Number of protein chains: 2
Amino acid sequence: MSELSERKKQILAAVVEQYVKTGEPVGSKGLISSTGMSVSSATIRNEMSDLAAMGYLEQPHTSAGRIPSQKGYRYYVDNLMKNREIDEINKRIIEAGISSAVGDPERLIARASEVLADLTKCACVSSTPGGDAVIIRKIELVPVGIHSAMLVLLTSNGILKSRLCRLDCELTVTICEQFYNIVKSCIIGKPASDISVVSMQTVAASVDGDVFAMLPLMAAVCELARSVSDSRLVLGGSSNLFSHKDYGTGAIELLEFLNKREPLSEVISGISEPLNVKIGRENLYRQLENSSVIVAKYSVGGDDSGTIGLIGPTRMDYENIIPSVKYLTNLVGRLITQAIEE
Amino acid sequence: MSELSERKKQILAAVVEQYVKTGEPVGSKGLISSTGMSVSSATIRNEMSDLAAMGYLEQPHTSAGRIPSQKGYRYYVDNLMKNREIDEINKRIIEAGISSAVGDPERLIARASEVLADLTKCACVSSTPGGDAVIIRKIELVPVGIHSAMLVLLTSNGILKSRLCRLDCELTVTICEQFYNIVKSCIIGKPASDISVVSMQTVAASVDGDVFAMLPLMAAVCELARSVSDSRLVLGGSSNLFSHKDYGTGAIELLEFLNKREPLSEVISGISEPLNVKIGRENLYRQLENSSVIVAKYSVGGDDSGTIGLIGPTRMDYENIIPSVKYLTNLVGRLITQAIEE
DNA sequence: TTTAGCACTCTTTTGTCCCGAGTGCTAATC
DNA sequence: GATTAGCACTCGGGACAAAAGAGTGCTAAA
């Protein structure tokens, strides 16, 4: 695979780096002045011409400089990138950014997404920990008035959801007890995705008690359970996309794409390596043809649990961004592991 | 003030409405064909010329049609708009959109903002109920493991905040009791904005008990209290701004402005009427010179409590948007009042 | 194998011209 | 006195051409 001569590699790397920095196609002369190579522009031209023929570079038009092709980016990411450690400054920024949310997994992921998006000027899509098999761990009902109560639901992965609930009739001690009975026997320990209004009703029907009174509570529990599964995806910094001139008006289309949940979850799931880079048309979706997606997994207590994904223009600063993503996912995994252990 | 002849009013209204609809400057002929007025284009030209001289219309350049000036929009909004009732369809959309969040004030505001933003294609900024005098009503501490607990905080305005909290040492019954004692004597009934780490520490110091063990809990309570005051602003649908060609690339700048919290809260606060329309440079901020801001207050239990604000291009469909905002604020006020009454 | 030199290509910019839309004015009409 | 028809005028935008600039590809020499 490594059929490229040393000098070709050096040139390819230089083209990628300069193009990433300036956004302008890079020409033979410009390349010399930026790298300080001691050959003439004609030599560079020959080499670049070779690289173009091999498919690593391409030309917007005859009389322009060269820009990396997708294959070129790919080769760069796989073989040429140096500096695989995170920058000390970025490290600090990340740590400071998430410090306020360390104890709470859901908020941690939200903060992490924002910080990473800010840092990289990309959009960040993350999934909260737990996969599809999130289990309901605890439910609390706290009366706060004659007709209303707060409901709190905690899952095995440390996600906490709460809401107020208003009853049509008075909230008596009896009703509370009945509620807890039902919860204990039919909800605790079940996967969140299994809780539906229908399943609840059949449960309620089979139990003695004031089914009618409890209906709003049951509905609220379902809604909380649903929000656990639904809100697994967190999208941060999507407005950053507008700051890249690469997208032009395409940014709007991309934003619309990101606001659809289903394809997005496909984008950041289903990777096998701990960190995966998909460049341009390597992505399954046409809407991402000018974007690169960097996805990394974090693990909680040793098991893969969720992912953090970055979406930005193909022309992104892989060299700095990849280590940041790597660092953040490790950190997040560690912190969540810590937060949910007993 | 009403120095305009009937025909001038009719023309001004027609210009505003047609320009709002098409985005193109409207000329004398086009105006005739769209209104069906039975005068010649020359007459219209004379009238439009007058209106321009009076400052109600302006010309992008000599040989273009007329567009409303800010003064023209103002006159239109104050005097010419008909149809001050909400459209039945919009009513349905709003009701359906917020139905899932009716019982929970915070989520209700969030949904309301999104629905309104969607409906109007504007950005929506709302404040959660309660003003600055939100009082802590209830705090619950529920152990979920040896070292961790969930903390739930409820305020007088029905805002519920919860998070996980991890302790450095074991969470004993004694610690729970001490915690509740402190909470009961020093936190419940206090304004959320008064709770700070410092005040907590002085409290803790004056109380017998394991101050060190309780520190994480206290910090978490502070953080929750702070998040009650901090997250009072909800911003929805900001990406809608990109769909208006009026803004062009200015949309990016506007978006950046909206992402700053402080000026934004000034924009939607400090109005005296129940519904206020600020057009273009009537706004205090330069960044809003091409935007109009519609702000309406909702009241909970008879008191002004929060506001819902819409931000969109000056060329917006005031005639439909204003009634929608009015309707939504009333509805939200009613629903929150209902949700937090005992 | 590298390099200097030069013709060539293609984009971008600038300038010019022309067309169309719409106005403003004047004189005629109701 | 208000309205209208007619017409000259203005200005922006598109089409087209020429010039400038950047960079290549090729050839021939080192």
Side-chain angles (χ1 to χ4, degrees), chain A residues 3-12 14-19 21-69 72 245-246 248 315, chain B residues 3-12 14-19 21-69 72 245-246 248-249:
Chain A
E3 78 274 16
L4 263 49
S5 72
E6 274 312 310
R7 194 168 62 188
K8 282 200 174 59
K9 287 183 188 175
Q10 193 188 351
I11 291 173
L12 178 53
V15 170
V16 170
E17 277 157 28
Q18 190 170 330
Y19 181 62
K21 207 189 298 174
T22 66
E24 301 293 323
V26 352
S28 49
K29 284 183 195 153
L31 212 161
I32 287 188
S33 69
S34 81
T35 58
M37 291 173 79
S38 54
V39 288
S40 78
S41 65
T43 310
I44 303 286
R45 275 207 291 283
N46 286 330
E47 294 283 46
M48 282 169 93
S49 176
D50 286 356
L51 283 167
M54 288 188 259
Y56 293 104
L57 296 178
E58 51 195 31
Q59 275 180 298
H61 53 266
T62 333
S63 76
R66 298 305 211 299
I67 63 176
S69 67
K245 59 179 177 312
D246 307 65
R315 176 177 83 81
Chain B
E3 78 274 18
L4 265 51
S5 72
E6 272 313 309
R7 194 167 62 187
K8 281 199 175 57
K9 288 183 187 175
Q10 193 187 352
I11 290 173
L12 178 54
V15 171
V16 171
E17 277 158 27
Q18 191 169 330
Y19 181 62
K21 208 190 295 174
T22 66
E24 301 292 323
V26 350
S28 49
K29 284 184 195 152
L31 213 161
I32 289 189
S33 70
S34 82
T35 59
M37 291 173 81
S38 53
V39 290
S40 78
S41 65
T43 310
I44 303 285
R45 274 205 293 283
N46 287 330
E47 294 284 46
M48 283 169 93
S49 177
D50 286 356
L51 283 167
M54 288 188 258
Y56 293 105
L57 296 179
E58 51 195 32
Q59 274 180 298
H61 52 266
T62 334
S63 75
R66 299 305 211 298
I67 64 176
S69 67
K245 57 180 179 313
D246 307 65
T249 60

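Proteins get letters first, then strands, A, B, ... in listed order; numbering begins at 1 in each. What's counted below: heavy atoms across the whole structure, side chains too, no hydrogens, waters or symmetry copies. The structure displayed is predicted, hence computed values, not measured ones.
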Could you go through nucleotides 28-30 of chain C and list every protein N or O atom that sits under 3.5 Å from one of its N or O atoms, giving the distance for each pair?
none

Checklist entry - CD of B/Glu24 versus P of C/dG20: gap in Å, rounded? => result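 Distance, rounded to whole Å: 18 Å.
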Next on the checklist: Heavy atoms within less than 4.0 Å of DNA chain D: which residues of residues 28-46 of chain A have one? Give them sorted by number.
Outcome noted: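 Contacts with DNA chain D under 4.0 Å: A/Ser28, A/Arg45.
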Item to check | Bounds of contact between DNA chain D and chain B, in 5' to 3' order, using a heavy-atom cut-off under 4.0 Å | outcome: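 Listing 5' to 3', DNA chain D meets chain B from D/dT3 to D/dG12.
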Checklist entry - What is the distance from atom NZ of B/Lys29 to atom OG of B/Ser34, rounded to the nearest 0.5 Å? => result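 Between atom NZ of B/Lys29 and atom OG of B/Ser34 there are 14.5 Å.
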Checklist entry - With B/Lys21, which residues qualify under salt bridge (charged side-chain N to carboxylate O under 4.0 Å, His left out), at least two apart? => result none
Next on the checklist: Can you confirm whether A/Ile11 sits close enough to A/Met37 that some side-chain heavy atom of one is under 4.5 Å from a side-chain heavy atom of the other?
Outcome noted: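 A/Ile11 vs A/Met37: side chains touch.
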Checklist entry - Side chains of A/Leu4 and A/Tyr56: does their closest heavy-atom pair fall under 4.5 Å? => result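 The answer is yes; the side chains approach within 4.5 Å.
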Search all heavy atoms of [X] against all heavy atoms of [Y] and return the closest pair with its distance.
| X | Y | value |
| --- | --- | --- |
| B/Ser69 | B/Glu58 | CB-OE1, 3.5 Å |
| A/Pro60 | A/Pro25 | CG-CG, 4.0 Å |
| A/Leu57 | A/Pro68 | CD2-CA, 3.9 Å |
| B/Gln18 | B/Leu31 | OE1-CA, 4.1 Å |

Item to check | C/dT1 phosphate, OP1 or OP2, under 4.0 Å from A/Arg7 side-chain N/O | outcome: no
Just the atom pairs and distances: protein N or O near nucleotides 8-19 of chain C's N or O, under 3.5 Å.
unit_1, atom_1, unit_2, atom_2, d
C/dC10, O2, A/Ser63, OG, 2.6

Give the table of side-chain donor-acceptor pairs shorter than 3.5 Å for residues 44-55 of chain A, with sequence neighbours excluded, one pair per line with atom names and distance.
unit_1, atom_1, unit_2, atom_2, d
A/Arg45, NH1, A/Ser28, OG, 3.4
A/Arg45, NH1, A/Ser41, OG, 3.4
A/Glu47, OE1, A/Lys8, NZ, 2.9
A/Glu47, OE2, A/Arg7, NE, 2.8
A/Glu47, OE2, A/Arg7, NH2, 3.0
A/Asp50, OD2, A/Lys8, NZ, 3.4

